[in-house]
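The structure under discussion appears below in the form of structure tokens.
For ligands, and for the atoms within them, numbers begin at 1 and follow the listed sequence.
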Amino acid sequence: MKKQINDTFLRAARGEKTDYVPVWYMRQAGRSQPEYREIKEKYSLFEITHQPELCAYVTRLPVEQYNVDAAILYKDIMTPLPAMGVHVDIKSGVGPVIDNPIRSLADVEKLGEINPEEDIPFVLDTIKLLTEEQLSVPLIGFSGAPFTLASYMIEGGPSKNYNKTKAFMYAEPKAWFALMDKLGDMIITYVKAQINAGASAIQIFDSWVGALNVEDYRNYIKPIMNRIFSALKEENVPLIMFGVGASHLALEWNDLPLDVVGLDWRLPIKQARELGIHKTIQGNMDPAILLAPWEVVEERAKAILDQGMAQDGYIFNLGHGVFPSVNPETLKRLTAFIHEYSSIQKKR
Ligand SMILES: Cc1c2[nH]c(c1CCC(=O)O)Cc1[nH]c(c(CCC(=O)O)c1C)Cc1[nH]c(c(CCC(=O)O)c1C)Cc1[nH]c(c(C)c1CCC(=O)O)C2
């Protein structure tokens, strides 16, 4: 039987009034949880995501332990790439590594299309299991964005400065836009399949797009983001945008047909509102604060809540993912604090 869904997160995402501020944490399912670390000793990331029962369990863990208001499907932004013909390996201590990087228009033309039912049935099965039977909170589906995915595909792995990616973009605009189009088509198909399977919100991770300045974002990225969000808008689920070190692009996101602007810890929410960000804001505690004494965590959370709650349309989150060394008790306590403090403030 389908459980009662707590829709506070979805209401806040749509900018509606809520009784308290909803919260979830990027990378809430993962390395900071002992139960997860035990599973990870036996299975790799890809092995977990290929087993729907196990993957659903990992996805549910933080919901049960921390009482967060949304679950995020446990998988990686690399998950759909093998189906396009990209050879991805996750190297421990390094991250995603690709042994057939994109170097030319011919390489872009070789990339295939994905058919989610055939290529990644395990993702859809995990979503169905979670949303039809197990979860009492909404499930967030997600995808990497074209720039961030392209950065791995062009660099062949993680990068500090994205020089190869930028060089390709400036030198081979035809190949660049062909790549953006192929990734855009994949993302639309992939995200629609996640929504059809039961995901009730979508986050697009453009984690590394902050490397671009505003002008390059407008010329090389915004058109494909506009096409992606316009296509996804038809599905009527909240759409969240996120990037690290990308505050200078928040006003660009604010123009796109999406619902929630995700902020990292660099730009205060109050300042984002003054700049003219009128959509729902999600964020933005520095994940490093979670390593500080509780008094510091509480004081910082309060300061962020006071800014976020100044208007409807606010979701508490970190500015980036939870570090492995964070004590799960801190996340549990923080969630309780956010719920309690915000519900008292909202009653005033
Ligand atoms: C950098 C990186 C990637 N992919 C990977 C890395 C190295 C990660 C590491 O060892 O810390 C590989 C990876 N990704 C993930 C794992 C599982 C182990 C773990 O929990 O860290 C592993 C080994 C989970 C994940 N990876 C991701 C999720 C989903 C998002 C979430 O849970 O919030 C999970 C569970 C998403 C992801 N994955 C990636 C990006 C840029 C993003 C977007 C979010 C971000 O900017 O951090 C690329």
Any protein N/O atoms within less than 3.5 Å of an N/O atom in ligand 1? List the atom names and distances, or say none.
residue  : atom   : partner : partner atom : Å
ligand 1 : 4 (N)  : D76     : OD1          : 2.8
ligand 1 : 4 (N)  : D76     : OD2          : 3.2
ligand 1 : 11 (O) : R31     : NH1          : 2.7
ligand 1 : 14 (N) : D76     : OD1          : 2.7
ligand 1 : 20 (O) : Y36     : OH           : 3.3
ligand 1 : 21 (O) : R27     : NH2          : 2.4
ligand 1 : 21 (O) : R31     : NE           : 2.9
ligand 1 : 26 (N) : D76     : OD1          : 2.8
ligand 1 : 32 (O) : R27     : N            : 3.3
ligand 1 : 33 (O) : R27     : N            : 2.7
ligand 1 : 38 (N) : D76     : OD1          : 2.7
ligand 1 : 46 (O) : S207    : OG           : 2.5
ligand 1 : 46 (O) : H320    : NE2          : 2.7
ligand 1 : 47 (O) : H320    : NE2          : 3.0

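Distance check: I338 CD1 to K302 NZ gives 12.5 Å after rounding to the nearest 0.5 Å. To the nearest 0.5 Å, atom CD of residue E113 and atom NZ of residue K182 are 7.0 Å apart.
Put simply, the side chain of Q307 never gets that close to the backbone of R273: no donor and acceptor are under 3.5 Å apart.
The local environment of CD in E47 is crowded, with over 12 non-hydrogen atoms from other residues, nucleotides or ligands closer than 6.0 Å.
With 3.5 Å as the limit, one finds no donor-acceptor pair spanning the side chains of S104 and E172.
Ion pairing between D259 and K233 holds under the 4.0 Å rule for side-chain N and carboxylate O.
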